[in-house]
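Step one of this worksheet: look at the structure below.
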Amino acid sequence: MKKKESIKNIRNIGIIAHIDAGKTTVTERVLYYTGRSHKIGEVHDGEAIMDWMPDEQERGITITSAVTTCHWKGRDIHLIDTPGHVDFTIEVERSLRVLDGAVGVFCAVGGVEPQSETVWRQADKYHVPKIAFINKLDRIGADFFGAIEMMKKKLNANPLILQLPVGSEDDFSGIIDLIDMKQVVWEDETLGATFKREDVHSDLLETAKAYREKLIETVAEVDDDIMEDYISENPITSESLLAAIRKATVNLKLVPILCGSALKNKGIQPLLDAIVEFLPSPVDVPPIKGTHPETGQHVDCRANDKDPLAALIFKVSMIEGRKLSYVRIYSGTMTTKADVYNPSRKISEKISRILRMHANKRERIDSAGAGSLVGIIGLRDSSTGETLCSKDHPVLLERIEFYEPVISIAVEPKTHADQEKLDQVLEKFMAEDPTLRLQKDEDTGQTILSGMGELHLEVIISRMLREFNTNVNVGKPQVVYRETIEKEGRASAIFDKEVAGSRHYAEVEVKLLPRNRGSENTFRSEITDETIPETFIPAIKKGVMEALESGVLMGYPVVDVEAVLTGGVYKDSLSTELAYTVSASMACKSALENGEPFLLDPIMDVKVYVPEAFIGDVIGDLNSRNGKIESIEHKMGVQEIKVVVPLARMFGYSTSLRSATQGRGTFTMQFSHFDRC
């Protein structure tokens, strides 16, 4: 029973928001007031505990989601501070996949900003209960009720106002707790660590009573017991209200709204109270569903230490050269030195250490039970999104969905020493970040690195130098074109030379014919054995096909051509395979020049997802890039534009799209075919 109680006391939560809404500032106060840290780290000073990477401190933004554990009123809060920048969306996605609850932070001035919508929808996708904290009420232009209206319109949320701000902008001094009808005032001398709960001041009492009535009405709409008491005009106690709000929050029917100013140290303790009061423990959410890897049967993984182990790796970090895997344990217990089974790869792995994480600091523990978020050292082959379980009770949990990269750069080492390190360093980054892709372009020889945005790739290049002392040059990837011909081209060529003491002679005549787009190059012979013996035809074909590998315009491969051998000369004892191969190659090059060659662009299939309000600007931009719109469909609250665009016109498109849509637009792109622009 004690174990069950301890799992009930766990809260796995994430702080999610648009960039610069104050997530990290809120997290720093949470750590300070829960006693986890003894100094408040400020983002603007580069001293935030959760933003521990040098790049985060310099830029003043969160790049990687950091995990920590703190305690409040007998509860263990496992907290993940997630990034707000769209380039690092995968960090939010994989965090929400393993969390039981989330705190959405909103700026009282900006309200619901573009990335707020993205992270909120991600939380909805995983059915994560949420509470909202409206931050920065001390700033000029702060509008508490305006932010709530935006939540209703843009997020389709059902907000429940639990607190009212006292004053606004420079006059913001505290909050009114509508459940207990108390006014809370913080003392600045103690950095907000101490506060007073007073009776609501007389000038605010009428407003507070009106909003408490609205609060009860909103809860009554989703809770039958409260509705009964409300209709019967029975007194509604704070305890019954809290229980009803918790139930409605866990069932995703309501979003409790709290407010404050994290930078001015106001509003964080009531937020902590709300986290432990309203957000679910691992036993309050439905058991995670998995499948048996052999039989395909459904398996429920309940939050119980005594059940078979089921855990998901949601993140991998390379720290000091060692692989650290972040794991959410859904059921069972994990112990050091124990073997775990990875059903995706059908391998067993040994856990050498289990760590309780506090940003980049670690504390060793011997075991961890259901509901825990821990770091593990010792996994050699297992990677992000894979399941760990016991071999006797195998289970496969649903993998994490990863996004396709949208922007690419070419990287090359600056020195020979960098060349040796580059491949290893990139391999480590790709193990950490599933949205990074690396490929060697065989046509150009370039190493192409693809990611989620310009900032994403900029941070990777910066980390290469800072963490691994690897210097690289960065440039645009070359577009790989193709060449073909407009009309029939004919030519003949004679090869008559002495090579290594022997005379070699051959004469070949070929014609090249254009074929349909997407056809393969073909070769056929129209001559008889009397003209050239059949034994030399393969050598002639080899010469023609080699010549088509690089065209006459810019050296790109030639496509969609039919080569026909139409004539030639054979001299007994002088004609050789070498001579025919070279002669055929020369004739083919001349025929290409005579066939009016032109370039073919790589054409991409692009799908752009934008809110309806921005569709005109986006279509205008695509037209300016020689895009050809194929269809526009309404999907899940956004418009999906299908368009074909030349690859050469798509460089920098992710930045243009974000600018044109206030960060709300996204797109996917894949190669379609080569065609004339």
- Do you know which two heavy atoms are closest between V395 and L309, and how far apart they sit? CG1-O, 4.4 Å
- Message: Can you give me the closest heavy-atom contact between Y330 and V98, atom names plus distance?
- Response: OH-CA, 3.5 Å
- Around atom NZ of K542, are there more than 12 heavy atoms of other residues, nucleotides or ligands at under 6.0 Å? no
- How long is the span from the OG1 atom in T415 to the NZ atom in K421, to the nearest 0.5 Å? 7.5 Å
- Task: Go through the structure and list residues passing side-chain hydrogen bond (donor to acceptor under 3.5 Å, both in side chains) with E562, not counting sequence neighbours.
- Result: R524
- Dump the intermediate steps for salt bridge (charged side-chain N to carboxylate O under 4.0 Å, His left out) on D560 and R515, then the final yes or no. CA-CA 5 Å; D560 305 339; R515 300 188 73 202; over 6 Å; no
- For C301 against L397, the heavy-atom pair lying closest together: SG-CD2, 4.0 Å
- Task: Scan side-chain atoms only and decide if E526 and T566 contain a donor-acceptor pair under the 3.5 Å cut-off.
- Result: no
- Message: When you compare the side chains of D572 and Y570, does any donor N or O come within less than 3.5 Å of an acceptor on the partner?
- Response: yes
Side-chain donor/acceptor pairs under 3.5 Å, residues 587-594, sequence neighbours excluded:
unit_1 : atom_1 : unit_2 : atom_2 : d
K589   : NZ     : A547   : O      : 3.3
K589   : NZ     : S550   : O      : 2.4
K589   : NZ     : S550   : OG     : 3.2
S590   : OG     : M586   : O      : 3.2
N594   : ND2    : R490   : O      : 2.8
N594   : ND2    : S590   : O      : 3.2

- Query: Do E483 and P557 touch side chain to side chain, with heavy atoms closer than 4.5 Å?
  - Reply: no
- Determine, stepwise, if the pair I485 / F598 fulfils side chain to side chain contact (heavy atoms under 4.5 Å, CB included). CA-CA 6 Å; I485 53 172; F598 62 90; 5.9 Å; no
- Query: Hey, is E630 close enough to K607 for a salt bridge, meaning N to O under 4.0 Å?
  - Reply: no
- Min side-chain heavy-atom separation V558-R482 under 4.5 Å: no
- Task: Tell me, please, which residues at least two apart from T576 pass side-chain hydrogen bond (donor to acceptor under 3.5 Å, both in side chains).
- Result: H504
- Using only heavy-atom distances, determine whether the side chains of E640 and Y609 contain a donor-acceptor pair under 3.5 Å. yes
- How would you list, by chain and number, every residue that makes a salt bridge (Lys or Arg N to Asp or Glu O under 4.0 Å) with R345, sequence neighbours excluded? E386
- Query: Side chain of T581, backbone of G543: donor and acceptor closer than 3.5 Å?
  - Reply: no
- If you draw a 6.0 Å radius around CD in E427, do more than 12 non-hydrogen atoms from other residues or ligands fall strictly inside? no
- Please walk me through it: do D605 and K642 pass salt bridge (charged side-chain N to carboxylate O under 4.0 Å, His left out)? CA-CA 7 Å; D605 266 335; K642 286 184 183 172; over 6 Å; no
- Item | S382 versus E349, side-chain donor and acceptor atoms under 3.5 Å | yes
- Task: Check side-chain hydrogen bond (donor to acceptor under 3.5 Å, both in side chains) between K571 and all other residues, then give those that pass, not counting sequence neighbours.
- Result: none
- Query: At their closest point, which heavy atom of E507 faces which heavy atom of Y580, and how far apart are they?
  - Reply: O-CE2, 4.0 Å
- Message: According to side-chain hydrogen bond (donor to acceptor under 3.5 Å, both in side chains), who are the partners of D496, at least two apart in sequence or on a separate chain?
- Response: R503
- Message: Show, in sequence, the C-alpha distance, side-chain angles and deciding distance for E486 and R676, and conclude whether the salt bridge (charged side-chain N to carboxylate O under 4.0 Å, His left out) test is met.
- Response: CA-CA 11 Å; E486 182 84 50; R676 193 171 195 161; 2.5 Å; yes
